[in-house]
Visitor: 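Structure incoming, see below.
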Amino acid sequence: MGNSKSSAMSKEILEDLKLNTKFSENELAQWYENFQKTCPTGRISPAEFESIYAKFFPDSDAKTYAQHVFRSFDTNDDGTLDFKEYIIALHMTSSGKTQRKLEWAFSLFDVDKNGYITKAEVGEICQAIFKLIPTEEQEKLPADENNPEKRAEKLWSFFDKKDNERLAEGEFIQGVLENENALRLIMYEPMK
């Protein structure tokens, strides 16, 4: 029973993941085994994902950000993450190429999934990012980004758009690549 078809990763998914991630077949097999133990249904619910994410940010409120991350990785919009979505997410956030990471960041900021980002969506994600930053680190931020509204305003200013305009994916990626500060503002990395 332990080696039945239902507990094995399909050859198609394995080949696809080997092609599209940096993970080896052995690593993928190990990830799959752990995934099956943690998620016997073969799917991660939003609540399970939030719980996993909270472990990475024990001193912060990661729930809102985790919800946005989950939405951006649930590519088939079924309300769960399957193994393939989970591994692609892991790859893109940990070791993917800059271009792929920025494509993912765009999908994170595109809250309504309409293919564009608005200033309001930038504000919403900046609110979620800000909740990840511990209070003692917030106090050390520059004055023009020491709250979510200022951070969103500063980030939006890099794209040279009016408040009521929207931003396409290519514009977002180009704007972030052309400005180190924009890259820093779209994410949160704990201070060492």
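On a predicted model such as this, the values are computed, not experimentally measured, just so you know.
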Visitor: I'd like to know whether CG of Asp160 has more than 12 heavy-atom contacts from other residues, nucleotides or ligands below 6.0 angstrom.
Guide: no
Visitor: Would you say Glu85's side chain and Thr75's backbone share a donor-acceptor pair under 3.5 angstrom?
Guide: yes
Visitor: Given the rule in the side chain to side chain contact (heavy atoms under 4.5 Å, CB included) test, do Leu28 and Met9 qualify, once you have shown the distances and angles that lead to the verdict?
Guide: CA-CA 9 Å; Leu28 290 166; Met9 183 180 359; 4.2 Å; yes
Visitor: Can you name the closest pair of heavy atoms from Ala152 and Gly123 and give their distance?
Guide: CB-CA, 3.7 Å
Visitor: Before you tell me yes or no, could you show the steps for Tyr32 and Ile87 under side chain to side chain contact (heavy atoms under 4.5 Å, CB included), namely the whole-Å CA-CA distance, both residues' side-chain angles and the distance that decides it to 0.1 Å?
Guide: CA-CA 9 Å; Tyr32 188 75; Ile87 290 298; over 6 Å; no
Visitor: Give me the atom names and distance for the closest heavy-atom approach of Asn20 to Arg100.
Guide: O-NH1, 4.5 Å
Visitor: Consider side-chain contact (heavy atoms from CB on, under 4.5 Å). Of Lys161, Lys162, Arg151, which one does Trp156 pass it with?
Guide: Lys161
Visitor: What's the separation between atom SG in Cys39 and atom CD1 in Ile52, rounded to the nearest 0.5 Å?
Guide: 5.5 Å
Visitor: For Lys150, is the NZ atom crowded, meaning more than 12 foreign heavy atoms sit under 6.0 Å from it?
Guide: yes
Visitor: Quick check: does any side chain N or O of Glu50 sit under 3.5 Å from a backbone N or O of Ala66, one acting as donor and the other as acceptor?
Guide: no
Visitor: Given side chain to side chain contact (heavy atoms under 4.5 Å, CB included), test Phe49 with Val69 step by step and report yes or no.
Guide: CA-CA 9 Å; Phe49 187 79; Val69 171; 3.6 Å; yes
Visitor: Look up atom CG in Leu132 and atom CD in Gln138, then write down how far apart they are to the nearest 0.5 Å.
Guide: 10.0 Å
Visitor: Could you walk me through whether Ser24 and Asn26 pass the side-chain hydrogen bond (donor to acceptor under 3.5 Å, both in side chains) check?
Guide: CA-CA 5 Å; Ser24 69; Asn26 285 343; 5.4 Å; no
Visitor: Measure the spacing between CD of Glu121 and CZ of Arg166 and express it to the nearest 0.5 Å.
Guide: 10.0 Å
Visitor: Would you say Glu171's side chain and Phe159's backbone share a donor-acceptor pair under 3.5 angstrom?
Guide: no
Visitor: Using the rule ring pair (Phe, Tyr, Trp, His ring centres under 6.0 Å), only one of Tyr53, Phe83, Trp104, Tyr86 pairs with Phe73; which is it?
Guide: Trp104
Visitor: Quick check: are there more than 12 heavy atoms from other residues, nucleotides or ligands sitting under 6.0 Å from CZ of Phe158?
Guide: yes
Visitor: Side chains of Glu180 and Arg184: does their closest heavy-atom pair fall under 4.5 Å?
Guide: no
Visitor: Rounded at 0.5 Å granularity, tell me how far CG in Leu155 sits from CD1 in Ile129.
Guide: 8.0 Å
Visitor: Is Val176 reachable from Tyr116 through a run of I, L, V, M, F, W or Y residues, each pair having side-chain heavy atoms under 4.5 Å apart?
Guide: no
Visitor: Contact between Leu102 and Leu183 at the side-chain level, heavy atoms closer than 4.5 Å - yes or no?
Guide: yes
Visitor: Would you check, one step at a time, whether the test salt bridge (charged side-chain N to carboxylate O under 4.0 Å, His left out) holds for Lys140 with Glu137?
Guide: CA-CA 5 Å; Lys140 297 174 185 171; Glu137 286 186 34; over 6 Å; no
Visitor: On a heavy-atom basis, which atom in Gly175 and which in Ala182 lie closest, and how many Å separate them?
Guide: O-CB, 4.2 Å
Visitor: So Phe23 and His91, do their side chains get closer than 4.5 Å, heavy atoms only?
Guide: yes
Visitor: Compare all side-chain heavy atoms of Ile88 with those of Leu90 and state whether any distance is below 4.5 angstrom.
Guide: no
Visitor: Run the side chain to side chain contact (heavy atoms under 4.5 Å, CB included) test on Asp110 and Leu108 for me, step by step, so that the C-alpha distance in whole Å, both residues' side-chain angles and the decisive distance to 0.1 Å come before the verdict.
Guide: CA-CA 6 Å; Asp110 183 14; Leu108 179 70; over 6 Å; no
Visitor: Compare all side-chain heavy atoms of Leu141 with those of Ile133 and state whether any distance is below 4.5 angstrom.
Guide: yes
Visitor: Taking all heavy atoms of Gly115 and all of Phe106, pick out the closest pair and write down the distance.
Guide: O-CZ, 3.3 Å
Visitor: Kindly compute the distance separating NZ (Lys84) from CD1 (Ile13), expressed to the nearest 0.5 Å.
Guide: 6.5 Å
Visitor: Just by modelled atom types, is the Ala62 backbone N or O under 3.5 Å from a matching donor or acceptor in the Ser60 side chain?
Guide: no
Visitor: Can you tell me how far CG of Asp74 sits from OG of Ser107, rounded to the nearest 0.5 angstrom?
Guide: 11.0 Å
Visitor: How about Lys113 and Arg71: do any of their side-chain heavy atoms sit closer than 4.5 Å?
Guide: yes
Visitor: How about Leu17 and Trp31: do any of their side-chain heavy atoms sit closer than 4.5 Å?
Guide: no
Visitor: If you compare all heavy atoms of Leu81 against all heavy atoms of Phe35, which two are closest, and at what distance to 0.1 Å?
Guide: O-CZ, 4.0 Å
Visitor: Taking 4.0 angstrom as the limit, do Glu165 and Lys119 come out as a salt bridge?
Guide: no
Visitor: Quick one: closest heavy-atom pair of Ala143 and Asn146, and the distance?
Guide: O-OD1, 3.2 Å
Visitor: Could Glu33 and Lys37 be called an ion pair, given the rule that one side-chain N must be under 4.0 Å from one carboxylate O?
Guide: yes
Visitor: Do Glu145 and Asn181 make a side-chain contact, defined as non-hydrogen atoms from C-beta onward lying under 4.5 Å apart?
Guide: no
